Amino acid sequence: MPLVIDGLTQINIPEQKQLEDGSGVFPLTLAPCDGMTMSASQLAEWTKKHTIKLRELAKRHGAVLLRGCSVRGAQDFAAMSGAVDCEGYDYIGGAAPRTELVPGLVFTSNESPPDQPIPFHHELAQAPEPPSYILFHCETASAQGGATPIIHSEEVANFFEATYPDFASRVAALGVRYIRVMPEETDPSSAQGRSWKETYNVSTREEAEAAMRRQGTEFEWLSNGDCRTITATLPALRIDARTGKRVFFNSMIAAFIGWNDSRNVGEKAVVLGDGSPVDPVAMRGVADFMQERRVVFKWHQGDILLIDNTLVMHARDTFVPPRRVLASLRGMPMPQLARPADCFFDSAGVPPLRMGIVGTGAMGKEHIRNIELLGEDVAVVTAVADSDVRARREALEELGAKSSGCKVFERYADLLACDQVDAVVVCTPNFQHIEVLRLAIPTGKHILCEKPLCTTVQDCEEVERLLEEHASVRGIFMTGMEYRWMPPIQRLIRETDSGSLGPLHTVTIREHRFPFLVKVDNWNRFNRYTGGTLVEKACHFFDLMRRIVCSEPVTVFATGGQAMNHKDEIFEEGQPDIIDHAFVSVEFANGAKAMLDLCMFAEDEQTEQVTAVCELGKVEARAPESTVRVLRRR
């Protein structure tokens, strides 16, 4: 049966292919149902209403082609693209000459000469933070050529690793860097002709240098005003956290084959992370494979193509003018927050949120006390679950007189099935989080999961996939990273976000404290159960770094050891192996740097200090003093 969604139905086009796993077609094409029409405004409303479903279809199929709707031009396209409900994305760092048509939303696709093909690439894969989606709209179709070929990146990654395993291993281990010379003024004769001024949306060298430093890009000014750049090392083979698919996420082929003009030589435009050259045989072999396996459909006027930029690469064929295809870049999907009518804080008379606590050890009992502080009109504990009879008894003691209205379960699965629970707090030992979340997420209940989310990267990625798969039914999901909400940290964040002290350059976090407390069965003494000290304890601080810096890490260096704590302890599991001190250095995509100094035998109290240093001064927050110091340099 063809897919039908509120006036749009699945149709087949001759150029489509079956997905490798047989689960669908590539691309998925939707058009108005027989006898129906859909105007641009109606399509925008349809997109707004079904945005989660549309993004889910893009993830499943890789690309969704919308055909036969009355979309004509930049404004119509902007209305639809904006309705996809993702963060905005500025075209910063790209090489292609483009013209912005609708500010922040729509611009022309690559305006390079029509006789120059553009090889396959993920959009802005050479940037530290690429867009999540790219949309194209055909305003004028070429009579000859001008297609936008697409290919699944997983298919390319599988071929690359199977055919060139040695080189693929080096690419996976070392990453890649891109080298490009940008002209001072845009050169419309080249697909890489965008000037450094337009690339970084600046007017002076100083502004360009600041933008490049934020991205971790090295640069050299040439005598003619051009700028030679070398990007930070970027991964070229990645795992899509939502699907678990390994993708060839890079611009290696595009650079090697296509970055040729009067300033650049493609075969020298991409190197491995250590500066060594790429394998030219492998590069040409992958390019030939893409050419053989690509999907090439003919543009129709009014078409809109939505591409999941993590899963699918695109290219451009040569063409005979006229041809005009518009583009729009979108960032991460916006959080699906509860509607006001669903929020229990919004009006009197709404029943309190009914809370279930999974795991009633020390953290579970702390959450019981915190829920009590909210007041019975806001939230109430209606169920607890723990496999340990003593822990269940202590939870009831913590509830006191209110325990009579609380259901008690030995198995967390029974609590999750309970119809008297609206929201779940997961407080089990770290290594058990994943098994609880596997059952909890599909229930649609709100979930607060204690930190850390999980103990392995694979488990965290599985949680992300589960949340995506159940996006249409899930409640609010949150990990217990409460440090960012502490009053002194909130003040520090307000200061750095305001920009009153100029751009932020460094963040330093120091925690000196006592050893880990004793927990049930001593599970917190072993890396395999906690994830390790830097996961169990320091996840708070890495969360703070990302929030304060407002960027993602590109390089992490850590060193630590077990100098003092737990060395005289022996359990059935063996001797504890968790470290008790560490230094961690993190470099971020925007050029900022952060450092953690952790020592768990330095003091008898837990003391923490967070310092953010900006261009014009610094902000310093301390606990337990709960003080904030703002210093502006003279």
Side-chain angles (χ1 to χ4, degrees), residues 357-372 381 384-400 403 408-412 425-436 448-456 459 479-483 486 510-543 560-582 596-608 623-624:
I357 311 295
V358 177
T360 55
M363 289 308 304
K365 292 195 288 289
E366 183 172 329
H367 279 282
I368 290 173
R369 291 191 290 271
N370 290 338
I371 292 168
E372 171 73 15
V381 176
V384 296
D386 199 294
S387 60
D388 184 82
V389 64
R390 185 177 67 178
R392 297 196 297 270
R393 183 176 65 249
E394 290 176 353
L396 294 177
E397 292 172 355
E398 195 71 51
L399 285 165
S403 63
V408 182
F409 300 100
E410 180 178 357
R411 298 171 62 251
Y412 62 80
V425 185
V426 180
C427 305
T428 57
N430 302 354
F431 68 98
Q432 294 177 348
H433 288 180
I434 183 62
E435 62 186 58
V436 177
L448 171 61
C449 181
E450 258 302 334
K451 62 80 190 171
L453 177 61
C454 295
T455 57
T456 69
D459 288 349
T479 307
M481 298 295 189
E482 73 271 13
Y483 272 44
M486 295 167 61
R510 185 187 72 195
E511 180 177 51
H512 287 183
R513 56 162 286 171
F514 48 85
F516 282 126
L517 300 174
V518 175
K519 294 202 173 182
V520 175
D521 295 330
N522 300 293
W523 65 267
N524 64 337
R525 296 297 197 259
F526 298 94
N527 288 327
R528 56 187 174 276
Y529 299 137
T530 65
T533 301
L534 292 180
V535 173
E536 156 65 13
K537 178 65 198 129
C539 60
H540 282 303
F541 305 129
F542 301 133
D543 178 64
Q562 187 179 15
M564 298 283 293
N565 296 347
H566 317 304
K567 299 179 75 171
D568 58 346
E569 299 175 356
I570 299 291
F571 303 101
E572 289 184 10
E573 299 276 357
Q575 185 172 354
D577 59 0
I578 53 172
I579 64 175
D580 56 19
H581 68 283
L596 170 66
D597 167 11
L598 175 68
C599 184
M600 301 192 64
F601 55 83
E603 301 186 29
D604 293 328
E605 293 185 356
Q606 186 170 345
T607 63
E608 294 156 342

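Bear in mind that the values here come from a model prediction, so they are computed numbers and not experimental data. Throughout, numbering of the chain's residues begins at 1 and tracks the sequence.
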Check your understanding: Under a 4.5 Å cut-off applied to non-hydrogen side-chain atoms, are Ile371 and Ile357 in contact?
Key -> yes
**Study point:** Residues which pass side-chain contact (heavy atoms from CB on, under 4.5 Å) with Leu534, listed by chain and number, not counting sequence neighbours
**Key:** Ala538, Phe542, Ala558, Ile579, Ala582, Val584, Leu596, Leu598
**Study point:** Inter-residue atom distance Phe514.CZ - Met600.CE, 0.5 Å rounding
**Key:** 7.5 Å
Review point. Can you find a pair of side-chain heavy atoms, one from Cys539 and one from Met481, that are under 4.5 Å apart?
Key: yes
Review point. What pairs with Glu450 under side-chain contact (heavy atoms from CB on, under 4.5 Å), at least two apart in sequence or on another chain?
Key: Met363, His367, Cys427, His433
**Study point:** Residues forming a ring-ring contact (aromatic ring centres under 6.0 Å, His included) with His512, sequence neighbours excluded
**Key:** none
Check your understanding: Is a side-chain N or O of Asn524 found less than 3.5 angstrom from the main chain of Leu517, in a donor-acceptor match?
Key -> yes
**Study point:** Residues that Ser387 engages under side-chain contact (heavy atoms from CB on, under 4.5 Å), provided they are two or more places apart
**Key:** none
**Study point:** Separation of Glu608 CD from Met486 CE (nearest 0.5 Å)
**Key:** 5.5 Å
**Study point:** Residues forming a side-chain hydrogen bond (donor to acceptor under 3.5 Å, both in side chains) with Asn565, sequence neighbours excluded
**Key:** none
**Study point:** Non-neighbouring partners of Asp459 that pass side-chain hydrogen bond (donor to acceptor under 3.5 Å, both in side chains), sequence neighbours left out
**Key:** Thr456
Point to revise | Qualifying salt bridge (Lys or Arg N to Asp or Glu O under 4.0 Å) pairs, either residue in residues 511-523, two or more places apart | key: Glu511-Lys537
Check your understanding: Could you state the interatomic distance from CG (Asp386) to OG1 (Thr428), rounded to the nearest 0.5 Å?
Key -> 9.0 Å
Practice item. Using the test side-chain hydrogen bond (donor to acceptor under 3.5 Å, both in side chains), find all partners of Arg411 that sit at least two apart in sequence or belong to another chain. Key: Asp414
**Study point:** Residues which pass side-chain contact (heavy atoms from CB on, under 4.5 Å) with Ala563, listed by chain and number, not counting sequence neighbours
**Key:** Asp580, His581, Phe601
Check your understanding: Can you name the side-chain hydrogen bond (donor to acceptor under 3.5 Å, both in side chains) partners of Arg525, sequence neighbours left out?
Key -> His566, Glu569
Practice item. Take the angle between the ring planes of Phe526 and Phe571 and call it parallel below 30°, perpendicular above 60°, tilted in between. Key: perpendicular
Check your understanding: Please, which pairs that meet side-chain hydrogen bond (donor to acceptor under 3.5 Å, both in side chains) have at least one residue in residues 389-399, sequence neighbours excluded?
Key -> Lys365-Glu394, Arg369-Glu398
Check your understanding: Is the shortest heavy-atom distance from the side chain of Ile578 to the side chain of Phe516 under 4.5 Å?
Key -> yes
Point to revise | Side-chain touch Val535/Thr455, heavy atoms, less than 4.5 angstrom | key: no
Revision key, fill the gap. With sequence neighbours left out, the residues meeting ring-ring contact (aromatic ring centres under 6.0 Å, His included) with Tyr529 are Phe431
Practice item. Please report the C-alpha distance between Asn430 and Trp523 in whole Å, then the side-chain angles of each, then the deciding distance to 0.1 Å, and finally whether the side chain to side chain contact (heavy atoms under 4.5 Å, CB included) criterion is met. Key: CA-CA 9 Å; Asn430 302 354; Trp523 65 267; 3.4 Å; yes
